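What follows is a set of notes on a single structure, which appears directly below.
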Amino acid sequence: QVQLVESGGGLVQAGGSLRLSCAASGSIFSINEMAWYRQAPGKQRELVAGTSSGGSTNYADSVKGRFAISRDNAKNTMYLQMSSLKVEDTAVYYCYAKGLRTVQPRHFDVWGQGTLVTVSS
């Protein structure tokens, strides 16, 4: 089993910052992709930012220049530094990971339980 645990959500005023963390644990051989998604009330889940094992990153246009994704491969942990937060960033943020286990079945893709980010005006 591979589990993801997010932390760092909370309430922040518009213009403020938050840092989310996502720690992966379990029978992990390698993690190829990690990403942050979010889902606002009444809306579909959307990709916020993603990162590959090689270090490439991609961002949703709505967060470019404000959010920064990073990962610590040694700790199997991913981060999302969110700055200049806007009310419209309010959502449940989910961590996603895809990779290989040390045991069968080898391939995995898993989601975290989500962490709520609320940005007040």
Side-chain angles (χ1 to χ4, degrees):
Q1 287 282 15
V2 175
Q3 295 91 28
L4 302 178
V5 177
E6 301 107 330
S7 60
L11 174 64
V12 63
Q13 285 191 326
S17 299
L18 276 178
R19 188 195 196 206
L20 305 183
S21 299
C22 170
S25 63
S27 51
I28 298 169
F29 177 76
S30 64
I31 301 179
N32 300 326
E33 300 174 23
M34 296 190 84
W36 289 99
Y37 286 77
R38 68 185 180 187
Q39 187 166 20
K43 294 189 177 182
Q44 289 188 326
R45 191 173 298 190
E46 63 175 0
L47 176 68
V48 176
T51 179
S52 69
S53 57
S56 63
T57 59
N58 61 287
Y59 296 91
D61 288 342
S62 59
V63 305
K64 281 181 181 176
R66 301 188 298 120
F67 291 10
I69 189 171
S70 61
R71 60 189 282 183
D72 183 335
N73 291 326
K75 296 182 179 179
N76 287 330
T77 300
M78 174 178 64
Y79 306 96
L80 185 68
Q81 179 66 47
M82 305 185 293
S83 304
S84 302
L85 282 161
K86 304 176 180 179
V87 173
E88 51 263 43
D89 293 319
T90 295
V92 177
Y93 284 71
Y94 296 91
C95 174
Y96 168 81
K98 180 178 180 180
L100 293 173
R101 294 186 181 91
T102 57
V103 296
Q104 296 288 351
R106 294 297 306 278
H107 295 272
F108 72 85
D109 63 271
V110 294
W111 293 88
Q113 81 287 353
T115 185
L116 177 63
V117 172
T118 303
V119 184
S120 63
S121 58

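As the structure is a prediction and not an experimental result, all values here were calculated from the model.
- Taking all atoms of both residues into account, the shortest heavy-atom contact from Leu47 to Ala60 is O-CB, 3.4 Å.
- In terms of heavy atoms, Ala49 sits closest to Tyr59 at CB-CD2, 3.6 Å.
- Between Lys64 and Asp61 there is a salt bridge, since at least one side-chain N of the basic residue sits less than 4.0 Å from a carboxylate O of the acidic one.
- Counting heavy atoms from C-beta on, the side chains of Arg71 and Ile31 come closer than 4.5 Å.
- Atom-to-atom distance recorded for Ile69:CD1 and Thr57:OG1 is 7.5 Å, nearest 0.5 angstrom.
- The shortest distance between side-chain heavy atoms of Leu20 and Met82 falls below 4.5 Å.
- No side-chain heavy atom of Val117 sits less than 4.5 Å from a side-chain heavy atom of Asp89.
- Side-chain contact between Arg38 and Ser62 is present, with at least one heavy-atom pair separated by less than 4.5 Å.
- The main-chain N or O of Ala91 is never found under 3.5 Å from a side-chain atom of Gln39 such that the two would form a donor-acceptor pair.
- Nearest heavy-atom pair, Ser17 versus Gln81, reported as atom, atom and distance to 0.1 Å: CB-NE2, 4.0 Å.
- Minimum interatomic distance between Val63 and Val48 (heavy atoms only, all atoms of both residues): CG2-O, 3.6 Å.
- Counting all heavy atoms, side chain and backbone alike, Leu100 lies closest to Phe108 at N-CE2, 3.3 Å.
- Note on Tyr94 and Val2: separate hydrophobic clusters, where clusters join Ile, Leu, Val, Met, Phe, Trp and Tyr whose side-chain heavy atoms are under 4.5 Å apart, directly or indirectly.
- Met78 and Ala35 make their closest contact through CE-O, 3.3 Å (heavy atoms, listed as atom of the first residue, atom of the second, distance).
- One finds the CE atom of Met34 at 11.5 Å from the CG atom of Leu80 (value rounded to the nearest 0.5 Å).
- The aromatic rings of Tyr96 and Trp111 sit tilted, their planes meeting at an angle between 30° and 60°.
- Interatomic distance, OG of Ser27 versus CD of Gln104, reported as 10.5 Å (0.5 Å rounding).
- No side-chain heavy atom of Val110 sits less than 4.5 Å from a side-chain heavy atom of Gln3.
- Cluster annotation: Tyr37 and Leu116 are assigned to the same hydrophobic cluster (Ile/Leu/Val/Met/Phe/Trp/Tyr, side-chain heavy-atom contacts under 4.5 Å, transitive).
- Of the possible donor and acceptor atoms, one in the side chain of Arg101 sits under 3.5 Å from a partner among the backbone N and O of His107.
- Contact of the Trp36 side chain with the Thr51 side chain is not registered, since no non-hydrogen atoms from C-beta on lie closer than 4.5 Å.
- Ring geometry for Tyr93 against Phe67 counts as tilted: the plane angle lies between 30° and 60°, on a 0 to 90° scale.
- The shortest side-chain heavy-atom distance between Leu11 and Ser120 falls under the 4.5 Å cut-off.
- Summarising the geometry, atom OG belonging to Ser83 is positioned 9.0 Å from atom CZ belonging to Arg66; distances are rounded to the nearest 0.5 Å.
- The cluster map of Ile, Leu, Val, Met, Phe, Trp and Tyr, joined by side-chain heavy atoms under 4.5 Å apart, puts Leu18 and Tyr79 in different clusters.
- Remark: the backbone N or O of Cys22 is not paired with any side-chain donor or acceptor of Glu6 at under 3.5 angstrom.
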